[in-house]
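Residue numbers start from 1 in every chain, and the chains themselves are labelled A, B, ... in the order their sequence lines are given, proteins ahead of strands.
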Amino acid sequence: MRFGKRVPRSFYRRDPREVAPDLLGKILVAADGRAGRIVEVEAYCGEIDPAAHSYRGKTARNATMFGPPGHMYVYFTYGMHWCANAVCGDAGVGLGVLIRALEPLAGLARMRAARPRARRDRDLCSGPARLTQAMGITGAHDGIDLVTGRSGYSLVDDGVEANGVAGARIGISRATDALWRWYLPDNENVSRR
DNA sequence: TTAGAGATGATC
DNA sequence: ATCATCTCTAAG
């Protein structure tokens with residue numbers, strides 16, 4: 001791959017609270033050359049996590065979360081936004097990591113075209129719905145495999161170290177005490193700076 | 001720079 | 001009614 005080597009499926013087959021901090025620094029790559037480094041993530045922990053879509057079991061919307069790890073769960077929210085997760089753990093359990101922000105690395109012109117309202121480049125991918133817009137991710141991509149990248153998006157590792165800090169998750173009303181958000185504290189592309 | 005509210009529709 | 005959000009507007 002152009003930006004790094006494939007993140008293997010075994011990476012995802014773990015507790016999302018382990019996967020999430022390890023995902024910081026990895027790169028989300030689109031087939032058309034758009035790419036961004038992950039700088040903010042949140043873990044969602046299935047049946048033990050009241051804030052997770054999968055908390056009450058499998059439904060039509062969250063079915064991808066209960067599928068194999070390393071696939072992308074894309075959901076629609078607030079009537080207008082798409083958000084993307086990496087499915088974690090074993091199939092059938094309903095675990096995932098929400099990708100909340102990217103540092104734009106390549107294909108900036110395409111990202112700006114996809115988000116004409118973004119005033120500065122740091123506004124392109126600094127939020128879960130912003131990054132899907134910038135990267136061209138929609139519900140059409142729900143369930144695609146991020147390991148093989150055969151459906152247009154993949155996650156790769158270029159070896160750059162990224163040490164994050166933990167905090168409370170954003171935009172939820174239950175399980176607000178769990179420190180299951182990780183981000184790079186000095187990165188300008190993190191949401192809610 | 002920050003705070004508040006509207007947009008907009010699927011979900012359960 | 002709620003929601004894993006964003007953007008604009010108004011005010012400081």
Side-chain angles (χ1 to χ4, degrees), chain A residues 12 15-24 26 28 36 38-67 69 71-89 93-104 111-144 146 153 155 164-184 188-193:
Chain A
Y12 301 97
D15 188 296
R17 290 166 291 187
E18 294 179 24
V19 176
D22 289 351
L23 223 31
L24 295 174
K26 303 292 188 287
L28 178 62
I38 297 174
V39 298
E40 181 183 352
V41 292
E42 285 176 358
Y44 284 90
C45 302
E47 61 183 3
I48 67 161
D49 182 3
H53 288 170
S54 49
Y55 181 60
R56 290 183 169 81
K58 186 175 173 178
T59 66
R61 173 166 82 151
N62 66 24
T64 296
M65 278 191 97
F66 290 86
H71 287 242
M72 183 160 71
Y73 166 49
V74 183
Y75 66 88
F76 185 67
T77 193
Y78 290 106
M80 63 190 95
H81 298 302
W82 296 104
C83 297
N85 300 249
V87 176
C88 298
V93 188
L95 309 174
V97 173
L98 172 67
I99 303 173
R100 285 196 56 92
L102 304 175
E103 173 183 335
M111 291 186 188
R112 294 185 196 109
R115 280 182 49 71
R117 318 312 293 273
R119 235 174 71 44
R120 304 158 296 180
D121 287 349
R122 71 171 67 105
D123 300 321
L124 287 172
C125 299
S126 52
R130 292 178 178 183
L131 91 259
T132 56
Q133 223 179 324
M135 293 291 285
I137 296 169
T138 71
H141 306 288
D142 182 38
I144 69 167
L146 291 168
Y153 293 90
L155 270 167
V165 300
R169 292 177 294 180
I170 290 177
I172 56 171
S173 57
R174 293 171 299 175
T176 52
D177 51 323
L179 304 182
W180 292 346
R181 170 180 180 244
W182 287 268
Y183 59 98
L184 303 185
E188 299 212 309
N189 300 277
V190 170
S191 70
R192 311 264 182 110
R193 305 210 342 109

Checklist entry - Between A:Trp82 and A:Phe76, how do the two ring planes meet: parallel, tilted or perpendicular, split at 30° and 60°? => result tilted

Next on the checklist: For a quick check of understanding: with a heavy-atom distance under 4.0 Å over all strands, which category does A:Ile172 fall into, base, sugar-phosphate or nothing?
Outcome noted: sugar-phosphate

Next on the checklist: From CZ of A:Phe76 over to P of B:dA10, roughly how many Å is that when rounded to an integer?
Outcome noted: 7 Å

Checklist entry - According to a strict under-4.0 Å criterion, is A:Arg115 in side-chain N/O contact with OP1 or OP2 of C:dC6? => result no

Checklist entry - Once you round it to whole Å, what is the distance between C1' of B:dG6 and NE2 of A:His81? => result 11 Å

Next on the checklist: What I want to check is whether an N or O donor and acceptor connect the side chain of A:Tyr78 with the base of B:dA7 at under 3.5 Å.
Outcome noted: no

Checklist entry - Say you draw a straight line from OG1 of A:Thr77 to CZ of A:Arg61; how long is it, rounded to the nearest 0.5 Å? => result 6.0 Å

Checklist entry - Given atom CZ of A:Arg192 and atom P of B:dA3, what is their separation to the nearest angstrom? => result 11 Å

Checklist entry - With sugar-phosphate meaning primed atoms plus P, OP1 and OP2, does A:Arg169 contact a base, only sugar-phosphate, or nothing at under 4.0 Å between heavy atoms? => result nothing

Checklist entry - Should A:Arg100 be listed as having a side-chain N or O under 4.0 Å from OP1 or OP2 of C:dA4? => result no

Checklist entry - Is A:Arg169 salt-bridged to A:Asp49, going by a charged N under 4.0 Å from an acidic O? => result yes

Checklist entry - To the nearest angstrom, how far is A:His53 atom NE2 from C:dT5 atom P? => result 9 Å

Item to check | Mate of C:dA4 where both pairing distances stay under 3.5 Å, Watson-Crick or G-U | outcome: none

Item to check | Same-atom distance (P) from B:dG6 to C:dA1, integer angstrom | outcome: 16 Å

Next on the checklist: So, does A:Arg130 get its side chain near the phosphate of C:dT7, meaning an N or O under 4.0 Å from OP1 or OP2?
Outcome noted: yes

Item to check | Phosphate OP1/OP2 of B:dC12: any A:Thr59 side-chain N/O under 4.0 Å | outcome: yes

Next on the checklist: Counting only heavy atoms from other residues, nucleotides and ligands, does the tally under 6.0 Å from CZ of A:Arg120 exceed 12?
Outcome noted: yes

Item to check | Whole-Å distance separating the CD1 atom of A:Ile99 from the P atom of C:dA4 | outcome: 17 Å

Checklist entry - Taking atom C1' of C:dC8 as reference, at what distance in whole Å does atom CZ of A:Arg119 sit? => result 14 Å

Next on the checklist: Whether A:Arg117 and A:Asp123 form a salt bridge (side-chain N of Lys/Arg under 4.0 Å from carboxylate O of Asp/Glu) is what I want to check.
Outcome noted: no

Checklist entry - Within the structure shown, what part of the strands sits under 4.0 Å from A:Ser173 by heavy-atom distance: base, sugar-phosphate, or nothing? => result sugar-phosphate

Next on the checklist: Just to be sure I understand the rule, does A:Ala129 reach a base, reach only the sugar-phosphate, or reach nothing, if contact means heavy atoms closer than 4.0 Å?
Outcome noted: sugar-phosphate

Checklist entry - Partner of B:dT8 by Watson-Crick or G-U wobble geometry, both contacts under 3.5 Å, or none? => result none

Next on the checklist: What I want to check is whether the side chains of A:Ser126 and A:Asn189 have a donor and an acceptor closer together than 3.5 Å.
Outcome noted: no

Next on the checklist: Using whole Å, what does the distance between atom P of nucleotide C:dT5 and atom CD1 of A:Ile137 come to?
Outcome noted: 16 Å

Next on the checklist: Please report the distance, rounded to the nearest Å, between CE in A:Met80 and C1' in B:dT11.
Outcome noted: 16 Å

Checklist entry - Given that A:Ala118 and A:Gly96 both sit by DNA chain C, which one's nearest nucleotide is further toward the 5' end? => result A:Gly96

